[in-house]
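Notes for the one structure printed next.
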Amino acid sequence: MMSPVQLRTELARRLDRSIKDIWGDSSPDGPHAEVSRSDNLEFGDLSCNTPLKLAGILRENPRRIAERILDDCRGDLPGISAVSVDGPGFINMTLSQGHLAEVCLNLAVKGLKAHLPDTGRGRSALVEFVSSNPTGPLTVGHCRQAVLGDAISNLLEAVGWKVSREYYYNDGGRQMRLLGESLSVRYAGGDGSDIPEGGYRGDYLTRWAGELRESMGDGLDWERDRDSFIGFAEEKAMEMIREDLSLLGIEFDRFFSESELIPLGVEAAIDGLSAVEVDGGRLVYSDPSSPVKLWIRFTALGRPKDRVIRREDGSYTYRMPDIAYHMDKFRRGYDMIVDVFGADHLDTSRDVVAALEAIMGEREVSRRLKVVIHQFVTLLRGGERIKMSTRSGEYVTLAELVEEAGSADVTRYLFLTRRPDAHMDFDLDLARKESGENPVYYVQYAHARISGILRTAEEAGIRVPVEYTDGLAGPLSGDHERELMRLLESVPVEVASCAESMEPHKLTELLSVLATGFHRFYQHVRVVDVEDPSGSSARLMLCQACRQCIAGVLSVLGVSAPDRM
RNA sequence: GCGCCCGUAGCUCAGCUGGAUAGAGCAGCGGACUUCUAAUCCGCAGGCCACAGGUUCGAAUCCUGUCGGGCGUACCA
């Protein structure tokens with residue numbers, strides 16, 4: 001049978017065919033039919049507004065257009081038991097009881113993933129996220145990005161992409177030097193006043209200093225042993241970052257450092273850029289003060305400013321390795337490359353994209369590279385905004401956040417209830433005390449409730465049917481049963497659409513609708529009834545289908561689905 | 001100054017590739033447990049969708065401007 005996604009595609013195709021049959025080529029550029037969910041039950045389950053869109057082009061009454069389309073294909077619409085023309089010219093369709101029951105049975109037996117389209121077709125995707133430099137623990141801002149990047153990865157996997165999660169970090173440069181020097185101050189027993197301008201003041205440095213003394217003695221000196229301090233700090237920081245990520249259940253396939261990258265391809269990338277000519281001039285030019293110092297003429301690429309990419313001393317500014325890293329990702333052949341960045345990286349990202357386009361062409365870059373930018377998180381504690389800065393040591397860490405929120409489940413879920421480009425206030429006190437009324441518990445509770453019903457049914461010897469039979473639809477003809485079936489039938493479509501647009505926050509919305517749908521059903525319909533085994537079995541199938549949907553979507557979000565609460 | 005993002009119910013936010021009466025959670029008020037988990041459900045109340053223009057048969061959704069908030073505007077990352 002057709003999956004819900006396939007059904008909609010097929011319905012749109014039939015409607016399109018009728019449009020073509022009737023008007024032929026008189027509207028060659030006319031819109032393609034689209035079938036979408038009716039948001040009101042009185043308009044059926046599925047709806048098509050194409051007649052309204054055609055009205056202007058064909059200069060004909062939209063209702064009349066809708067009627068002519070229906071006259072042509074009525075009776076030839078799979079899975080549909082009734083059609084009508086309503087309002088200004090919508091075509092509304094009602095899914096047949098049999099189709100709904102069959103989809104639910106399949107959901108119950110095979111699970112949600114079996115109903116998602118294989119849009120990835122095994123192609124490879126690289127998702128880069130977090131990419132925080134190893135200068136301290138991960139904080140709240142990274143937390144949003146970690147959760148978002150991981151959920152996007154899961155979503156892509158759910159529709160058939162082969163995903164690699166990658167973490168890129170800069171382990172060279174001024175920041176790492178400052179970190180090493182800050183460590184050396186603590187190591188030498190100095191108080192905060194000796195920490196250099198712009199250095200790091202977090203408590204963790206004092207802790208590392210102790211560990212460094214234990215393993216290396218106290219004979220190290222900053223001027224002489226810079227690499228030891230910096231190397232030790234980097235190692236410790238990455239260790240801490242991995243631990244923080246594991247608190248959220250996030251694992252990367254690869255941690256890729258700038259120092260690995262530089263010998264691989266930065267000079268080659270510069271050569272590539274140097275070969276590009278724009279507006280009759282070179283894209284890369286050297287500074288009058290030194291042939292080593294290089295600029296990229298970003299202004300010729302529509303960007304606001306030219307930028308230095310290599311300094312007089314031969315070292316690179318941060319944009320250059322970023323460009324080279326992206327060229328490396330393209331070179332590795334991924335079919336899709338996803339960057340998840342915070343808003344503070346937007347400008348850099350635009351420059352990187354512009355440089356890539358200059359080398360590979362706009363089409364290639366826009367086809368393969370997707371950039372997801374998320375806005376910042378403001379943390380509220382006791383009604384106060386918490387100012388955060390890694391360097392000053394004033395911040396709330398990811399670990400503290402998970403601890404205060406109560407669990408990784410709550411943390412992940414709450415971060416995914418906002419769309420990435422919306423600013424987010426995260427109220428710690430609320431997250432903590434809300435526990436009983438938290439949206440995540442609401443959803444998990446629905447899952448636990450269903451699990452309870454399944455246990456009760458098992459004791460009563462009632463099972464979920466394994467195959468579809470015509471008898472299944474009958475007991476499910478009540479309004480509450482149908483309402484739930486209609487909702488479940490739409491879940492694969494919604495998840496597929498979230499994957500297409502890479503918007504995991506819509507899944508939390510879907511889950512909340514799903515949980516409400518189930519709770520309402522539960523309130524009104526008794527599932528297990530020993531007097532009515534066949535009806536019980538049919539209703540049990542609905543519960544199991546619902547459980548599969550909730551668990552399936554939760555797993556995409558990386559949130560657990562408990563059987564008891 | 002310039003660029004990008006946001007401004008929807010008391011609070012936190014969905015909805016934004018234009019469509020049929022603007023949604024949810026929390027907070028408020030009123031109801032529902034001898035029955036598979038009341039961490040639930042049902043009802044009431046709450047909105048010039050920041051403001052002003054424009055495009056359209058139709059705008060929370062698209063365009064322009066204004067105001068308010070965030071981020072960026074480093075040879076830091």
Side-chain angles (χ1 to χ4, degrees), chain A residues 34 36 38-40 42-43 47 49 52-53 55-56 62 86-90 92 131-133 135 169-170 172-178 198 258 287 293-295 303-305 307-313 315-322 342-350 373-376 378 380 390-391 414 417-427 430 434-446 448-457 459-460 462 501 505-506 508-509 512-513 515-516 518-529 536 539-540 543 564-565:
Chain A
E34 278 176 29
S36 60
S38 309
D39 40 42
N40 190 324
E42 67 185 278
F43 300 135
S47 153
N49 67 1
L52 290 164
K53 293 182 193 274
D86 300 298
F90 291 94
N92 290 325
S131 293
S132 160
N133 290 339
T135 56
Y169 63 100
N170 301 102
R174 206 173 83 94
Q175 297 308 325
M176 292 307 292
R177 210 162 52 243
L178 282 166
E258 183 184 340
D287 194 86
K293 184 170 176 179
L294 296 179
W295 293 73
R303 299 292 306 148
K305 285 184 178 175
R307 304 280 180 177
V308 172
I309 52 169
R310 192 170 67 194
R311 300 186 189 91
E312 201 167 337
D313 66 0
S315 64
Y316 307 108
T317 65
Y318 62 91
R319 271 181 177 76
M320 192 54 234
D322 268 9
D344 55 340
H345 278 64
L346 178 72
D347 203 52
T348 308
S349 173
R350 292 281 165 85
I373 301 283
H374 73 266
Q375 296 297 317
F376 277 40
T378 307
L380 303 173
T390 308
R391 295 180 199 179
L414 290 181
T417 56
R418 307 311 184 228
R419 44 188 236 286
D421 53 7
H423 301 268
M424 183 174 178
D425 281 338
F426 197 104
D427 189 331
L430 199 71
E434 204 181 29
S435 59
E437 291 139 15
N438 208 297
V440 65
Y441 293 124
Y442 177 76
V443 171
Q444 288 181 320
Y445 181 58
R449 257 187 162 177
I450 298 172
S451 302
I453 296 173
L454 290 166
R455 286 191 293 270
T456 305
E459 283 163 24
I462 291 164
S501 56
H505 72 279
K506 290 187 176 172
T508 58
E509 196 78 9
S512 129
V513 170
T516 299
F518 176 75
H519 285 313
R520 184 178 296 155
F521 168 81
Y522 176 92
Q523 207 73 27
H524 295 97
V525 179
R526 171 80 199 182
V527 177
V528 178
D529 177 3
S536 296
R539 288 187 293 270
L540 196 62
C543 293
R564 295 174 199 272
M565 284 174 76

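We name chains A, B, ... by the order of the sequence lines, and we start the count at 1 in each one. Predicted, not measured: the structure shown is a model, and the values here were computed from it.
You'll find the side chain of A/Met320 stays beyond 4.5 Å of the side chain of A/Arg310, heavy atoms only.
Pairing for B/rG10 is with B/rC26, a Watson-Crick or G-U wobble pair whose two hydrogen-bonding atom distances lie under 3.5 Å. B/rG3: Watson-Crick or G-U partner is B/rC71, with both key distances under 3.5 Å.
Contact annotation: A/Arg419 side-chain N/O to B/rC6 OP1/OP2 distance is under 4.0 Å. Under 4.0 angstrom from either OP1 or OP2 of B/rA74 there lies at least one side-chain N or O belonging to A/Lys305.
For the C1' atoms, the distance linking B/rG54 with B/rG47 amounts to 24 Å, nearest Å. Annotation: B/rU8 and B/rC2 have their C1' atoms spaced 29 Å apart (nearest Å).
Position along RNA chain B of the nearest nucleotide to A/Arg455 versus A/Pro88 favours A/Pro88 as the more 5'-ward residue. Residues A/Asp86 and A/Asp529 both approach RNA chain B. Their nearest nucleotides, taken by heavy-atom distance, put A/Asp86 toward the 5′ side.
Of the listed nucleotides (B/rU35, B/rU37, B/rG19), B/rU37 has the atom at the smallest distance from the side chain of A/Tyr522. For A/Leu52, counting side-chain heavy atoms from C-beta on, the closest listed nucleotide (B/rG19, B/rC36, B/rA77) is B/rG19. Taking the side chain of A/Val528 as heavy atoms from C-beta on, and the options B/rC5, B/rA20, B/rC36, the nearest nucleotide is B/rC36. Set against B/rC41, B/rU37, B/rC36, the side chain of A/Gln523 has B/rC41 as its closest nucleotide.
For A/His423 and B/rG69, a side-chain-to-base donor-acceptor distance below 3.5 Å is present, hydrogens and geometry of angles not being considered. A/Ser47 contributes a side-chain N or O that forms a donor-acceptor pair with the base of B/rA20 under 3.5 Å. Counting atom types as modelled, A/Asp347 pairs no side-chain N or O with a base atom of B/rA74 as donor and acceptor under 3.5 Å.
Cation-pi geometry between A/Arg449 and A/Phe518 is not met: the NZ or CZ atom fails to fall both under 6.0 Å from the ring centre and inside 45° of the normal.
Look at A/Arg319 and A/Asp347 and you find a salt bridge, because one of the NZ, NE, NH1 or NH2 atoms lies within 4.0 Å of a carboxylate O, short of that distance.
B/rC16 takes the anti form, because its glycosidic angle lies more than 90° either side of 0.
When atom types are taken as modelled, the side chain of A/Arg526 and the backbone of A/Val528 share a donor-acceptor pair closer than 3.5 angstrom.
A/Asn49 comes within 4.0 angstrom of a nucleotide base, judged by non-hydrogen atoms across all strands.
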